[in-house]
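This report concerns only the one structure given below.
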Amino acid sequence: MDKTYDPHAIEARWYHFWESRNDFAPKGVGAPYCIMIPPPNVTGSLHMGHAFQDTIMDALIRYHRMLGDNTLWQAGTDHAGIATQMVVERQLAQEGKTRHDLGREAFIERVWEWKAQSGGTITRQLRRMGASLDWSRERFTMDEGLSDGVKEVFVRLHEEGLIYRGKRLVNWDPVLHTAVSDLEVLPTEESGFLWHLRYPLADGNGFVVVATTRPETMLGDAAIAVHPGDERYAHLIGQLVDLPLTGRRIPIIADDYVDPAFGTGCVKITPAHDFNDYAVWQRHRDTTALQAVPYNGLINIFTVSASIISSDTPGAELIPNDFRGLDRVAARKLVVEEFGAAGLLEKTDDHKLMVPRGDRSGAVIEPFLTDQWYVKVAPLAGPAIKAVETGEIRFVPDNWKNTYFEWMRNIDDWCISRQIWWGHRIPAWYDEQGDVYVGRSEDEVRRKHKLGAHVVLRQDEDVLDTWFSSALWPFTTLGWPENTPELKTLYPTSVLVTGFDIIFFWVARMIMMGIKFTGQVPFREVYIHGLVRDSHGQKMSKSKGNVLDPIDIIDGIELEPLVKKRTAGMMQPQLAKKIEKATRAEFPNGIATHGTDALRFTFASLASNGRDINFDLGRVEGNRNFCNKIWNAARYVLMNTEGQDCGQNGGEVELSVADRWILSRLQTTVREANEAITSYRLDFMAQSIYEFTWNEYCDWYLELSKPSLLNPASTPAQVRGTRRTLVHVLETLLRVAHPIIPFITEEIWQRVAPLAGIQGPTLMLRAYPTVNDALVDPAAVKELEWVKQFVLGVRRIRSGMDISPGKPLPILLQNGSTQDAGFLASNRQFLQTLARLESIAWLTANDTAPESATALVGDMQLLIPLKGLIDKNAELARLAKEIDKLRANLERAMAKLATPSFVDRAPADVVAKEKERAEETRMALVRLEEQQVKIQAL
RNA sequence: GGGCGAUUAGCUCAGCGGUAGAGCACUGCCUUCACACGGCAGGGGUGGAUGGUUCGACACCAUCAUCGCCCACCA
């Protein structure tokens, strides 16, 4: 083995090995365990969030595979409608074209080409992460099978009246020219103005003043509303005002929606361009007052691009000439100007408001009147709420269910149609009269509705919201609507692993659709992890220039390419300089190679319950060092076992205290690891493995194995015992750690397993370790603890007195018990080697100890004669420090024991423990104080 | 306006009703035959504030402060 761990050399090889053997596929026997990957955007690339999430899922999957479960991690990608279409449209724009220049078919062809070209990136990167997805079952949301599932669901919901088409206000993206759902709108606080506009009363008796943040919409005003109880305006209700600029007259109506305390207490009502106003309109639409307004009050003033409509559009006759065709910004300016010029602008106040922006385009979203398809959600939400209430689905951590409930109990109908081309086209056809027919295909529609060939049918132009197909992912990937064997055995799936940001987008909708179409929940548990942020808690984003690419952490990257990567293709190029500077400051030498295992171990360590994680490269570095530590421990083990008798072929074996101790500690680690991963605490699992490996196996056991192996007096049975323990513990440890760090463990395991008498092609398919109670050995643990205290005592003296670590020391013992004598007898060899002792000798109680430095192991005193070794002051200082510490402890304990309420009311065992502790401290203190006096006297 | 989470060492974070932990960073010593991506020994925290429950609170409860997130129709 190489002296230094080199992740590159091992990672590619093993992934290919596993995949080519089809080791990721479910075995078909055992308890079912299944995770659906949240399908990444097919043309996207891996970011830190994926890497984190995939590490968690892969650890769970590998763990269950090792448990012998029938394990499937379903692979696949998402077509990501709007996102993908935007990318291709941007490419076209560079050629000076729009999608309309190509036409629908050619454009879609172009997107498929783009998918073919870039679609392999993310799956390649997932492989780099070691993700053991079953690629043989890979699915894409626009596959034939999944598309059939989408149509099936659409048709069935439509038949039940749970999908309907309707004209109503939607969130309209005027840049993308499509409707979007409520969830795709991000309200953002921005600075604006509150304009106070005067609307003259028709009877000539002055004005009403309305406050608005969107003056341009006044062109579509249908009414003025006041609160019915507002005495200031009671006399105006039913009157008309002259709507400036338009020559129209509109009524003053009363509605509870108005808050008399805000603004002037008068609100302009623009039903076609505001959700609240639309609701007011619905309550008043049948009143004569509104019926007198053109279009019954529902006056649209915008085109799909949010410009004012022009003369060839119905409604344009209501718009003054100089406004027609203006975009909304210009129209706003002109409205304000003209109000000002007419003396109708009362005042303009600065105002903070929430501006709705599209999550993809960033454009200001317009409430806009269009025909769209909707899912009636309430009937689906009921059972979905119940499933979580009854615990059929469990959220981890539990508190996320509150978020879920809150949304589900207030859910609105879901707008599922999108005016884009890339996606599942809506399975609905129109005849020339505009009648709509829904079916799985045009043929089916014709048959079902007896439409002859002479009837011209035109399919709906729109496609479905991407999340519609995602909602079906857990069952369509398993073959639904066919009742496949996979669906029968692996559904409901075991756990869904995801971020809280898509509980609404995805989790809730999967639960609704899953229950509706399979009669069962889609998953038993939902594990919600936090978001990956940068080391200071900032969200990673291109514009902040703080994005880390997981692949760069794995492979390393030079400074110049890193700078280039971070500053290329900026939406705001002016930020590039700052980002470059910050990047050069943070990574003066670029990013070093860390390897996949180190990155995965880091994610696991950070995966504590549910909170966001601040990603610190320092931790990856520490974990890379940890991998190196394992690597070198393995080298040591192999150097001492390969080609040697490790007892794998029988032969007498004798275990030392150290052997028994490490085997016992191993059981604890195995137990902790199992408990941790079962409760989704990969951080505990990682910590447990780290501490055992470094602080016990390496720091102590490997050192303890040296005297045993090197001592010529060791018997063959003893040497065999040590070798076997070295190998056995390492082999077990590799299995324990494999779900988190698959590559390095497999690489080492291949060489270690035969020495442990294990034959098998791959660690990945070996059994996950379970606790062997026969190896739990408290006596060995106690005895070795004594050895450690002994060694540590000597080392502290060395360090405190500045004695060279290599210098063998003579040591005298005094005041030992029978147990101490026994321990010494069986561990003399260990002590001499680890503490570098020249000799160990007992003093009787009557012997006068020479001037010495002292340490305590329980009641026993270790004495290292000072003669020629040190200066008195150093030892005095060391003693003084120890004594201070002990005194403080003793005082605290004594104070506690002197409190009657404590002694009376605390549990007896706590009091006893406190007494014992006080007594031990007191004894130790006495010893050290005697010693202090002695040294002082020199 | 509601709801949730966070506040522990210089930094990033665990934990726990019974004497505060890890990684990184820091100090001293050590090129010891697995590992300098290392070894040994150290330094460093009045646990955001206030009050309460308790024999005992960093932990449980209440209030407050600060930060972050989610939801919400105030024009």
Side-chain angles (χ1 to χ4, degrees), chain A residues 1 3-5 187 194 210-214 217 225 257-259 261-270 274-280 351 353-354 397 399-400 402-403 406-407 410 500-501 503-504 530-531 533 535-537 539 592 594 598 602 605-606 608-640 681 683-684 687 690-691 698-699 702-703 706 710 792 795-800 802-806 836 888-889 892-893 896 899-907 909-911 913-914 917 921:
Chain A
M1 283 173 86
K3 188 172 169 187
T4 302
Y5 160 65
L194 192 59
V210 300
T212 180
T213 54
R214 306 208 46 202
T217 62
Y257 155 67
V258 180
D259 175 2
F262 186 87
T264 60
C266 297
V267 184
K268 60 190 275 306
I269 299 297
T270 318
D274 184 283
F275 288 101
N276 294 310
D277 294 3
Y278 185 81
V280 173
H351 188 64
L353 68 159
M354 299 302 273
N399 59 306
W400 286 109
N402 299 323
T403 306
E406 197 197 320
W407 190 67
N410 299 295
F500 58 81
D501 49 329
I503 291 180
F504 305 143
L531 257 39
R533 300 169 173 280
S535 63
H536 306 294
K539 216 166 176 168
H594 297 93
T602 304
S605 319
L606 292 171
S608 58
N609 243 340
R611 66 187 259 182
D612 288 355
I613 61 176
N614 293 355
F615 191 86
D616 183 2
L617 256 189
R619 294 195 65 155
V620 192
E621 207 175 310
N623 291 327
R624 193 262 329 264
N625 296 351
F626 174 62
C627 289
N628 187 56
K629 190 75 179 175
I630 295 178
W631 184 260
N632 279 291
R635 276 182 67 219
Y636 169 80
V637 172
L638 289 169
M639 282 166 58
N640 286 288
R681 291 305 301 261
D683 56 333
F684 289 174
Q687 192 183 357
Y690 188 102
E691 284 175 358
C698 290
D699 284 353
L702 295 190
E703 295 308 318
K706 289 172 186 175
L710 298 176
L792 287 171
R795 283 180 185 165
R796 273 191 213 111
I797 291 172
R798 254 184 216 283
S799 185
D802 229 4
I803 302 169
S804 144
R836 295 246 171 190
N889 287 348
R892 194 171 1 181
K896 223 169 177 183
T899 313
S901 54
F902 173 72
V903 182
D904 296 345
R905 301 176 117 178
D909 60 318
V910 172
V911 176
K913 209 170 138 196
E914 195 66 36
R917 188 186 295 149
T921 310

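We name chains A, B, ... by the order of the sequence lines, and we start the count at 1 in each one.
Looking at the side chain of A:N625, the nearest of the listed nucleotides B:C55, B:C37, B:C35 is B:C37. Between B:C40, B:U19, B:A34, one nucleotide has an atom nearer to the side chain of A:D699 than all others, and that is B:C40. Checking B:C13, B:A34, B:C37 against the side-chain heavy atoms of A:N614 singles out B:C13 as nearest. For A:R619, counting side-chain heavy atoms from C-beta on, the closest listed nucleotide (B:A14, B:C13, B:A34) is B:C13. Residue A:T899 places its side chain closer to B:C55 than to any other of B:C55, B:A34, B:C4. Distances were taken from every side-chain heavy atom of A:N889 (C-beta onward) to each of B:U19, B:A22, B:A34; the shortest belongs to B:U19. Checking B:C35, B:U12, B:A14 against every side-chain atom of A:D616, the shortest atom distance belongs to B:U12.
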| message | One character per nucleotide, please: for nucleotides 69-75 of chain B, 5' to 3', B when the base has a protein heavy atom closer than 4.0 Å, S when only the sugar-phosphate does, - otherwise. | response | --S-BBB
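A:P900 comes within 4.0 angstrom of nothing in the nucleic acid, heavy atoms only. Here A:K706 lies in heavy-atom contact (under 4.0 Å) with a base. Counting non-hydrogen atoms under 4.0 angstrom, A:S535 reaches the backbone sugars and phosphates but no base. Using a 4.0 Å heavy-atom criterion, one finds that A:F615 contacts no nucleic acid atom at all.
Of the N and O atoms on the side chains of A:N889 and A:T921, not one donor lies less than 3.5 Å from an acceptor on the other residue.
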Table of protein N/O atoms under 3.5 Å from nucleotides 41-44 of chain B N/O atoms:
residue	atom	partner	partner atom	Å
B:A41	O2'	A:S799	OG	2.9
B:G42	OP1	A:R796	NE	2.8

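Seen from the ring of A:Y690, A:K629 does not count as a face-on cation partner, given the 6.0 Å and 45° thresholds.
Classification of the A:F500-A:W400 ring pair by plane angle, with boundaries at 30° and 60°, yields parallel.
Taking for each of A:R836 and A:G618 the nucleotide of RNA chain B with the nearest heavy atom, the 5'-most of the two is the partner of A:G618.
Residue side chain A:R905 does not reach the base of B:U54 through any donor-acceptor N/O pair under 3.5 Å, judged by distance alone.
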